[in-house]
Amino acid sequence: MAIYLLCLSFFSVGLYGILRKRNIIKIIIGVIIAEYAVNLFFILIAYRIEGRAPIYSPNAEITNMVDALPQAVVLTSIVIGLATTVILIALAMRIFEKYGTFDITKIRDLRG
Amino acid sequence: MTTAVNIIPIFVIVPLAGAFMISIGGRKLKWLADFLGVLSTAGLFIAALFALKLVNEYHILVYSVGAWKPPIGIAMVLDGLTAFMLVTVNLVALMIAIYSVKYMEHFTSKWKFFTLFLLMLGGMNGVIVTGDIFNLFVFLEIAAIASFALVAFGVERHELEAAFKYALMSTLGSLFVLMGIALLYGFTSTLNMADIAAVLAQKGSSNIILLVSVLFVMGFGLKSALVPFHAWLPDAHPSAPAPISAMLSGVLIKSLGIYTIFRIFGNVIGVTPAIASILMVLGCISMVVGGFLAIGQWDLKRLYAYSSISQMGYIILGFGIGTPLSILGSLFHLFNHSVFKSLLFLGAGAVEYATGTRDMKKLGGLMKKMPVTGMTSIIGTMSISGVPPFAGFWSKLIIILAAVEAGQLWPAVWAIVASVLTLAAFLKAMKCTFWGDVRVGLEKIIEVPFLMKFSLITLALITSVGGLLLIPGIQNVFLNQAVGVMTESADYLIAVLQHI
Amino acid sequence: MSSKERQTGMSVIVRTTARLTVGFILLYGIYILSHGHVSPGGGFAGGVIIALSFINLMLAYGKDTALSKLPKAVTSFFENLGALILLSIALLGFTGGYFFLNFIAKGEPFHLFSAGTIPLLNLAISLKVGAGIFAIFVAFVLLKYEPEKNKKE
């Protein structure tokens, strides 16, 4: 149980970074941390006690394998995370080019 | 069961293939982007109409990708709600593709625009068609990431800032959704939506399901811009090029936010009274706050974007009430809003195309110079503010009647208030833009080219006669099939699991 | 001149090490990719490693050398080609009646030539991922900063 709570606090660290930091790069790092926390959580859910990695091999006897589906799913989710991170970084670079700063309190032409 | 079932993956294949082909050849061959863009969206619209016919014939069709039977493999499901959404999305996409051929000419690299546009369309179609909850997440992200790039397409200060804000909020929403999916998988050990519903029905309710519901309301609420989560929408939607504003406001928030809420709460998790009242409260707040904020805007597209928040409130309110009549109204309003909001955004794009500005303080008297844009925008205005006999009136009337019938008097009152607010906001927009005398400096503008007018006129015609969809014969074909999916969710489950 | 040095890349040690290892990294990527269906690995991991070999080249020798080996237009073409190959293999599944059907004979498990279409799909994915990651890196490197004067004040 404790490990799930640790994972959730990891997610909260990312959330804190997203909501509280003023530097765009730090915000992006917050997004990455939160993403990894969710991926880790998904992997942890699939764990069985004393389980082994879900690798099917010709001469090993397969006993007590952990659930393989979340591992495939998380791989996809990591790829999506890569794409999101890349587009966020590209936007951040362009923003720096236009505004000359990474501070979001100074990037406020638009008011929501 | 039949060979006709093979139509289902077409909705994902065609846009993706089109996108990559444009990306390969579009840099050299200038005509390829226009040609493939319009051709594939037209083909998709025809396929969507054919899918509607199939749904009326077979009621529900299940396709197993790679011949792996569900719940092991990925299932694609075509039922009433799917067909309804497919027709809506692809109709709007076709009109916007035709419009973009001319409009995007003053941007460089039109082929990049069409690549991203088709990727986004493929993502949306995938979200609608799939029957697997993680697959839904993947398609949702494809559509969302393509839309981030499209919002930033102009690469100017405002576009970039809006796109960054949008990307951040949307990613946060996706993370909540993914966490909800992880918890749901941990509880049910399956990712197939029908199978999840079956397991949940067997296991009974649990606190985990409550947590999952809250995560999904937060995640999909962020995607569909309900009011506490709306901050990104009024920045992102006006900043994009006009066809993309129309696409985002018209169909993207609906297929990524509203449709997923409908599908997951209606067919998978089930709507508990607590969730229903949360959705109703969110809907009411969205309607009124969106309406009030819209009145104060002086940027034409920003005003439209705020009114989108308000109209999303109606749809969620109708779903929250939960009677068949209110769901009918909600779905009908979804269709109508797709049509008239994309019409209005395209109209605003036409104004910007002709005059170079969308600040209402600098516009005025455009009716004399641009009669087609003016007339179609006014039709859109009357439809969105609920003036009979336009389509928007009927859907709002049904939602309000359903609220009264279900004993929810306050939501009905708020819906009427929001309707008045919408009327006020749009009368202001029309007065400042199209009526009155021609402003100094605007004497020389001319009407937009034919292809842009074609889209505007077609969408205006659809919203004018949209009320006809309520005539019993047509209603059975188009709307009632979708309502049936929501009200008899057990059918969905049985059909997908047995997979004839 | 520091600008001239930067064009030719990093120091001799780095360049020599890069020259010696880049081939092995590429080969390892191809191994991971081609054994994706019998052991851990596959198209994504293999593609990333293949891209890393080109990125190493670029870090050590500067952007011009790497881009002469693999120009930007070619990268973009390979990326789209990967996606189209994937889609057409999936479409060929319709010959057996289903989208994404594994229509080639499966062969024996744990042999290199087995598992039907999966090695081909791995190949397509590695093209897409490898070219994509290299393209992302190139785009980040080549983006020119032209800081605008702050017009706001």
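In what follows, chains carry the letters A, B, and so on, assigned in the order in which the sequence lines appear, proteins first and then strands, with residues in each chain numbered from 1.
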Assess the residue pair A:Tyr99 and B:Glu161 against the criterion (side-chain contact (heavy atoms from CB on, under 4.5 Å)); give the C-alpha distance rounded to whole Å, side-chain angles, the decisive distance to 0.1 Å, and a yes or no. CA-CA 10 Å; A:Tyr99 288 79; B:Glu161 187 189 338; 3.0 Å; yes
Apply the test side-chain contact (heavy atoms from CB on, under 4.5 Å) to residues B:Leu175 and A:Leu15: give CA-CA distance (whole Å), side-chain angles for both, the deciding distance (0.1 Å), then the verdict. CA-CA 10 Å; B:Leu175 287 179; A:Leu15 213 55; over 6 Å; no
Intermediate values then yes/no, side-chain contact (heavy atoms from CB on, under 4.5 Å), B:Lys165 and A:Ile104: CA-CA 10 Å; B:Lys165 206 185 258 181; A:Ile104 47 162; over 6 Å; no
Report the C-alpha distance between B:Phe134 and A:Leu69 in whole Å, list the side-chain angles of each, state the deciding distance to 0.1 Å, and finish with yes or no for side-chain contact (heavy atoms from CB on, under 4.5 Å). CA-CA 11 Å; B:Phe134 186 75; A:Leu69 181 66; over 6 Å; no
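The two residues B:Leu178 and A:Asn39 have their closest heavy-atom pair at CD2-OD1, 3.9 Å.
Scanning residues 18-25 of chain A against chain B with a 4.5 Å non-hydrogen threshold yields A:Ile18, A:Ile24, sorted by number.
Neither the backbone nor the side chain of A:Leu44 comes within contact range of chain B; no heavy atoms are under 4.5 Å apart. With a 4.5 Å cut-off on non-hydrogen atoms, B:Leu183 touches chain A through its backbone and its side chain both. With a 4.5 angstrom heavy-atom cutoff, A:Phe41 touches chain B only via side-chain atoms. Contact annotation for B:Ala152: only side-chain heavy atoms (C-beta onward) come within less than 4.5 Å of a heavy atom of chain A. The part of A:Leu8 that comes within reach of chain B is its side chain, from C-beta onward, which places non-hydrogen atoms under 4.5 angstrom from that chain.
Atom OH of A:Tyr36 has 12 or fewer neighbouring heavy atoms from other residues, nucleotides or ligands inside a 6.0 Å radius. Counting non-hydrogen atoms of other residues, nucleotides and ligands closer than 6.0 Å to NZ of B:Lys203 gives a total above 12. More than 12 heavy atoms of other residues, nucleotides or ligands lie within 6.0 Å of CZ in A:Phe10, so this atom counts as buried by the packing criterion.
Taking the six-membered ring where the residue is Trp, A:Phe11 and B:Phe176 present perpendicular rings, their angle passing 60° and hence far from 30°.
A 4.5 Å side-chain heavy-atom check between A:Ile80 and B:Ile142 finds every atom pair outside the cut-off. Contact check for A:Ile28 versus B:Phe164: side-chain heavy atoms found under the 4.5 Å cut-off. In this structure, the side chains of B:Phe137 and A:Thr76 stay at 4.5 Å or more apart for every pair of heavy atoms.
Between chain B and the residues A:Val73, A:Val31, A:Ile45, the most heavy-atom pairs under 4.5 angstrom are made by A:Val73.
A side-chain donor-acceptor contact under 3.5 Å links B:Arg157 to the backbone of A:Lys98.
The distance from the CG atom of B:Leu160 to the CE atom of A:Met93 is 12.5 Å, given to the nearest 0.5 Å.
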